[in-house]
Protein chains: 2
Amino acid sequence: MIRCPKCQQVDAVTKAGIVRGKQRYFCKTCAAHFTLADTAPPAARSRHQVTIVDIARELGISKSTVSRALRGQSDIHPGTREAVMELAQQLDYQPNLLAYGLVKSQSNMVGMIVPEFRHYFFPEVIIGAQEVLQAAGYNLMICQSNESYQTEVANVKALMSSRVDGLLVSITSQTNNVEHFRALEKKGIPLVFFNRICPELDTHRVVVDDYAGAFRAVQHLIDQGYRRIAHIAGPPSLLVSRLRQQAYLDALEQAGIPFDPELLISYDLTDEKARIYARYLLDLPQPPEAIFAVNDPTAIQVILAAKARGICIPDELAVVGFSDDPISAIIEPGLTTVAQPVYEMGRTAARLFLETVGTQTAPTTRVLQTELIVRGSSSRKI
Amino acid sequence: MIRCPKCQQVDAVTKAGIVRGKQRYFCKTCAAHFTLADTAPPAARSRHQVTIVDIARELGISKSTVSRALRGQSDIHPGTREAVMELAQQLDYQPNLLAYGLVKSQSNMVGMIVPEFRHYFFPEVIIGAQEVLQAAGYNLMICQSNESYQTEVANVKALMSSRVDGLLVSITSQTNNVEHFRALEKKGIPLVFFNRICPELDTHRVVVDDYAGAFRAVQHLIDQGYRRIAHIAGPPSLLVSRLRQQAYLDALEQAGIPFDPELLISYDLTDEKARIYARYLLDLPQPPEAIFAVNDPTAIQVILAAKARGICIPDELAVVGFSDDPISAIIEPGLTTVAQPVYEMGRTAARLFLETVGTQTAPTTRVLQTELIVRGSSSRKI
DNA sequence: CTGTTAGCGCCTTCAT
DNA sequence: ATGAAGGCGCTAACAG
């Protein structure tokens with residue numbers, strides 16, 4: 001039941017031997033030979049995007065020539081090139097990246113996995129990364145792991161299925177097992193961690209000097225005369241948490257302030273828990289004079305809780321955060337915070353990927369610097 | 001120079017006729033026939049992802065069978081299915097979505113174009129959309145148009161090249177020409193506008209009742225006793241701007257308050273300009289008693305400018321925004337605002353896409369409701 | 001300068 | 001229940 005591409009008849013068609021590995025047919029009505037490739041009716045391809053074959057057929061040339069012309073390769077007759085370009089334009093031809101990716105085994109996509117993007121931090125990183133990637137011809141595929149290890153694994157698998165050319169990731173606070181990342185290394189897929197890195201994995205990394213930033217922050221509180229200083233830390237599973245916490249401990253020790261375990265709380269970074277622990281600290285029989293929070297959203301909750309209790313900041317309580325979320329400058333009093341170059345972090349991660357791809361560079365760690373921004377939440381002089 | 005896949009020899013190979021359209025070869029050393037397909041050396045495929053062919057070869061079955069087994073199709077011997085599944089697991093096989101997409105001509109990706117995602121609104125929409133899309137097996141590809149028409153067009157092209165199965169978009173304030181969207185319609189690609197829609201395009205839409213929300217907001221100001229009410233509007237190119245502005249005018253008229261053109265400013269929604277116009281209004285010889293801003297970021301700038309001048313809110317100036325950005329509840333005084341279900345808007349847009357895809361439903365417009373949230377910026381009773 | 005062929009990884013008839 | 005073959009759209013040798 002082969003149908004002739006010209007007359008659409010079925011009965012008049014007979015087999016006519018194999019030529020170049022293709023079964024040929026002969027239509028007695030049209031008196032013409034054809035192969036199965038010819039039988040794809042233009043009608044059947046109704047709502048399909050235009051392909052180089054469409055252009056080739058229209059122009060009566062081969063699809064290779066079209067391909068070459070489109071890519072602006074050498075060895076092309078200027079005339080044909082122009083003709084191709086013009087028709088492509090006219091037909092609104094868009095190259096099929098799926099096909100391109102299949103043959104080149106590269107998708108021109110890079111994946112990004114972030115734990116959330118409700119707060120300022122991650123969206124800003126994304127903006128930075130996307131800018132440099134887009135300029136280099138890459139598209140970004142963004143996944144939210146929602147702080148869930150399971151989801152993170154699923155995200156990695158999904159991105160691998162899409163054959164992303166590389167991955168930029170900030171791990172969840174639940175990520176203990178890193179086998180899903182090891183698998184990537186084996187497959188030679190560039191992996192760049194930023195902010196929340198995997199210390200046990202020897203890959204590219206972009207971080208800030210968390211220890212130095214946090215140390216500076218606590219030191220600032222001490223300089224302002226605060227002694228009883230609490231710290232609301234992130235989960236110990238995250239290196240950033242551990243570093244900032246260690247800096248807190250070391251700064252206290254250096255100042256000769258004894259550490260009170262009651263004043264150190266580590267939590268899972270959910271807004272809800274932040275509220276709870278902020279209140280808990282403020283309601284302590286002997287409440288802290290200052291609180292250094294692992295990040296700005298946490299510090300904001302502390303300020304809100306304090307204000308709700310009529311506690312005067314910074315006279316009765318000082319607060320310091322981390323990251324310089326725009327809210328820090330808006331809330332009253334302004335939140336003293338350790339600013340990190342978030343946007344730059346995204347750009348750097350993306351650049352690291354670009355440098356790596358293809359040229360298998362050795363794992364690099366880029367450390368960006370922080371800056372303490374003093375506002376009203378920790379100082380009366382502002 | 002054909003190399004035998006078994007013994008790797010070249011000299012012992014001779015042609016051995018064509019079978020089923022494929023040139024066959026015979027190796028005198030191995031005494032075995034093979035075709036070119038067999039000659040792909042496993043060595044050469046060093047760092048490549050595992051494919052169904054790898055699994056098939058390992059198991060000594062055909063790739064069709066592997067394909068069927070993997071997809072859990074009928075007609076498969078339970079034994080082979082298990083064997084395939086197990087090996088796939090063991091080899092960490094991930095189906096190649098590029099190949100899958102190519103053959104099915106669908107990518108399982110949907111594109112999203114937003115003007116920015118620095119503020120609360122768009123990230124929140126993305127979160128909502130991504131949740132329902134992910135659950136349905138789709139991945140999201142997000143682009144920022146940066147309020148640039150050129151970039152928007154480029155984004156559409158890029159997403160088309162990636163052969164996204166649909167598009168969720170909020171247009172830029174510069175989008176006057178909509179031909180790039182018309183092209184999508186012609187190709188039958190589901191298109192859902194949200195928030196910033198294209199009135200001239202008959203597609204799916206998700207909006208809130210902007211007019212009603214804005215009217216309610218201005219009415220509230222009038223109820224509170226404010227008469228000289230200004231409006232900082234968005235660019236007239238956006239329907240949301242026009243609707244909110246019209247509501248402002250109508251609410252004034254209904255209350256019998258004469259419209260003062262000096263008090264209506266429309267601007268391009270950049271933070272910088274927001275600051276400038278906020279100051280301008282406050283510095284007017286006869287400044288407004290209240291300002292209704294097109295969105296929360298604008299309103300925030302107004303509050304900041306007022307505070308910088310020592311103007312007391314709400315006694316000397318009332319402020320109302322739109323969207324209920326989380327900052328609204330944090331800033332002091334709290335910002336009265338028209339809350340819109342942002343997260344739900346994302347979910348709805350995604351659902352609309354899912355309903356459409358495949359089943360060519362008629363263009364639908366979903367209108368979500370707003371709610372006026374009264375805070376300290378417009379009322380002393382709070 | 002251009003056409004031909006093979007193949008990327010997968011799905012889908014069509015045979016067996 | 002399984003294999004063989006063709007094709008999705010494109011690039012990449014290899015012949016001319």
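What you are looking at is a predicted structure, and each value in this text was computed from that prediction instead of being measured. Throughout, a chain's letter reflects where its sequence line sits, starting with A, and its residues are numbered from 1.
- Checking side-chain atoms of A/N108 against main-chain N and O of A/Y138 turns up no donor-acceptor pair under 3.5 Å.
- Note on A/D92 versus B/K187: salt bridge recorded, some NZ/NE/NH1/NH2 to OD/OE distance being below 4.0 Å.
- For the side chain to side chain donor-acceptor pair (under 3.5 Å) test, residues two or more places apart in sequence or in another chain that qualify with B/Q144 are A/Q130.
- Within a heavy-atom distance below 4.0 Å of DNA chain D, the residues of residues 100-109 of chain B found are B/L102, B/V103.
- Regarding B/L70, its CG atom lies at a distance of 16 Å from the C1' atom of D/dT2, rounded to whole Å.
- The distance from atom NZ of A/K63 to atom C1' of C/dC1 is 19 Å, rounded to the nearest whole Å.
- Within the nucleic acid shown, B/R71 comes within 4.0 Å of at least one base atom, counting heavy atoms only.
- Among the heavy atoms of the strands lying under 4.0 Å from B/I61 are primed sugar atoms or P, OP1, OP2 only; no base atom is included.
- At a threshold of 4.5 Å between non-hydrogen side-chain atoms, the residues A/N96 and B/R163 count as touching.
- Judged by distance alone with a 3.5 Å cut-off, no donor-acceptor contact links the side chain of B/T80 to the base of D/dA1.
- Residues satisfying the ring pair (Phe, Tyr, Trp, His ring centres under 6.0 Å) test with B/Y93, not counting sequence neighbours, are none.
- Using a 3.5 Å distance cut-off with no hydrogens or angles, the side chains of B/S67 and B/S64 do not pair a donor with an acceptor.
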